Amino acid sequence: MTTDVTAPWLIVGLGNPGPGYAANRHNVGFMVADLIAGRIGGSFKRAQKAQAQVLEGRVGPMGPGSRRVVLAKPLSFMNLSGGPVAGLRDFYKVPTANIVAIHDELDIDYGTLRLKLGGGDNGHNGLKSMTKSMGPEYHRVRFGIGRPPGRMQVADFVLKDFSSVERKELDYLVDRAADAVECLVTEGLERAQSAYNS
């Protein structure tokens with residue numbers, strides 16, 4: 001698939017809005033988006049045309065290797081993410097193949113990253129909503145959170161904060177996920193997969 005290098009990329013961190021959810025496992029997409037925003041050197045602002053916070057900037061090396069990006073955090077709840085993302089896609093004229101969703105993934109061990117284009121939603125409500133709004137052909141950066149222990153319900157597990165043991169590595173892992181997103185946008189999926197899929 002050839003990518004139009006002049007078209008912007010839409011990088012979407014998935015999560016739930018509000019301080020009560022900020023440290024939840026389900027909000028790791030927001031954590032990665034916040035770190036990328038710090039690297040770009042700007043702050044999120046309320047979008048004019050969609051229920052989301054956005055930051056426009058560039059990632060990658062200065063010059064022709066850098067890419068124009070719109071970084072976004074939907075302000076809807078996770079299961080309604082598709083509407084805000086589709087609104088931003090239309091407003092910024094972003095090809096669906098230039099959309100990256102950063103999200104938590106239950107079926108991958110904690111801290112493991114997997115990057116892919118397209119596929120199913122694996123029961124993830126944010127992806128389900130995005131796919132319903134735009135089809136499945138967008139990129140995913142999947143951040144492993146592992147399965148719930150014992151008989152804990154999935155909904156309870158994803159809406160809990162990372163454990164104290166997990167938090168010891170969390171900053172490093174979020175940093176690595178941000179690197180993977182930037183590599184995907186600037187160097188392509190295959191290069192990013194070989195460098196970051198584990």
Side-chain angles (χ1 to χ4, degrees), residues 1-15 17 28-104 113-121 124-143 177-193 196:
M1 179 187 298
T2 56
T3 304
D4 176 1
V5 296
T6 63
W9 283 77
L10 176 57
I11 301 170
V12 183
L14 293 181
V28 73
F30 275 16
M31 296 174 198
V32 177
D34 285 336
L35 182 62
I36 296 170
R39 293 179 179 184
I40 290 172
S43 56
F44 284 99
K45 294 182 173 53
R46 182 72 188 249
Q48 297 283 321
K49 301 290 182 182
Q51 192 183 0
Q53 291 183 312
V54 295
L55 169 62
E56 295 179 59
R58 299 189 81 84
V59 299
M62 295 296 285
S66 75
R67 295 286 179 264
R68 186 160 64 97
V69 299
V70 179
L71 192 60
K73 297 192 296 183
L75 291 172
S76 61
F77 282 92
M78 177 73 86
N79 60 346
L80 299 172
S81 301
V85 176
L88 293 170
R89 175 201 61 183
D90 295 346
F91 180 70
Y92 289 102
K93 298 179 172 54
V94 179
T96 302
N98 278 24
I99 296 173
V100 182
I102 311 163
H103 64 92
D104 57 306
L113 291 178
R114 296 273 165 75
L115 287 76
K116 69 174 189 172
L117 173 64
D121 57 57
H124 192 287
N125 288 330
L127 298 182
K128 199 174 291 183
S129 179
M130 284 182 61
T131 296
K132 186 177 178 185
S133 293
M134 324 182 280
E137 291 304 306
Y138 54 89
H139 288 87
R140 299 101 189 275
V141 174
R142 305 154 73 205
F143 187 109
D179 290 346
V181 172
E182 292 187 15
C183 183
L184 168 61
V185 168
T186 58
E187 299 184 52
L189 179 61
E190 282 187 28
R191 174 77 184 87
Q193 284 175 325
Y196 293 98

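Everything numeric in this text was worked out from a predicted model, so none of it was measured.
Residues G15 and F30 come closest through the heavy atom pair N-CE1, 3.4 Å. Nearest heavy atoms, G57 versus I40: CA-CG2, 4.0 Å. Between A33 and L71, the shortest heavy-atom contact is O-CD2, 3.3 Å. Counting all heavy atoms, side chain and backbone alike, S43 lies closest to L55 at O-CD1, 3.6 Å. Closest non-hydrogen pair, G119 versus P136, comes out as O-CB, 3.6 Å. The two residues A178 and L35 have their closest heavy-atom pair at CB-CD2, 3.8 Å.
Pairs engaging residues 76-90 under the side-chain hydrogen bond (donor to acceptor under 3.5 Å, both in side chains) rule: none recorded [sequence neighbours left out]. Listed by first and then second residue, the salt bridge (Lys or Arg N to Asp or Glu O under 4.0 Å) pairs involving residues 69-80 are D34-K73 (not counting sequence neighbours). Sequence neighbours left out, the pairs with a member in residues 55-93 that pass ring pair (Phe, Tyr, Trp, His ring centres under 6.0 Å) are Y21-F77. The list of side-chain hydrogen bond (donor to acceptor under 3.5 Å, both in side chains) pairs with a residue in residues 178-190, not counting sequence neighbours, reads R39-D179, R39-E182, E187-R191.
The shortest side-chain heavy-atom distance between L88 and V54 falls under the 4.5 Å cut-off. Residues L189 and L184 form a side-chain contact, since some pair of their non-hydrogen atoms from C-beta on lies under 4.5 Å apart. The side-chain heavy atoms of V70 and I11, taken from C-beta on, include no pair separated by under 4.5 Å. Side-chain contact between F143 and L113: present, with at least one pair of heavy atoms (C-beta onward) separated by less than 4.5 Å. Here the side chains of V100 and W9 are in contact, with some heavy-atom distance below 4.5 Å. Residues H139 and K116 form no side-chain contact, since every pair of their non-hydrogen atoms from C-beta on lies 4.5 Å or further apart.
Rounded to the nearest 0.5 angstrom, L80 CG and M130 CE are separated by 13.5 Å. Taken from NZ in K132 to CG in N125, the straight-line distance is 11.5 Å, to the nearest 0.5 Å. Taking CD from E137 and OG1 from T96, the interatomic distance works out to 9.0 Å, rounded to the nearest 0.5 Å.
No side-chain donor-acceptor contact under 3.5 Å links Q53 to the backbone of R46.
Shown here are the ring-ring contact (aromatic ring centres under 6.0 Å, His included) partners of H103, two or more places apart in sequence or in another chain: H124. The salt bridge (Lys or Arg N to Asp or Glu O under 4.0 Å) test applied to R140 returns no partner, not counting sequence neighbours.
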Legend entry - Steps toward side chain to side chain contact (heavy atoms under 4.5 Å, CB included) verdict (Y196, L115): CA-CA 8 Å; Y196 293 98; L115 287 76; 4.2 Å; yes
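Among S133, P74, S129, the single residue meeting the side-chain contact (heavy atoms from CB on, under 4.5 Å) criterion with V85 is P74. Applying side-chain contact (heavy atoms from CB on, under 4.5 Å) to V69 and the options L10, I36, V185 leaves one that passes, V185.
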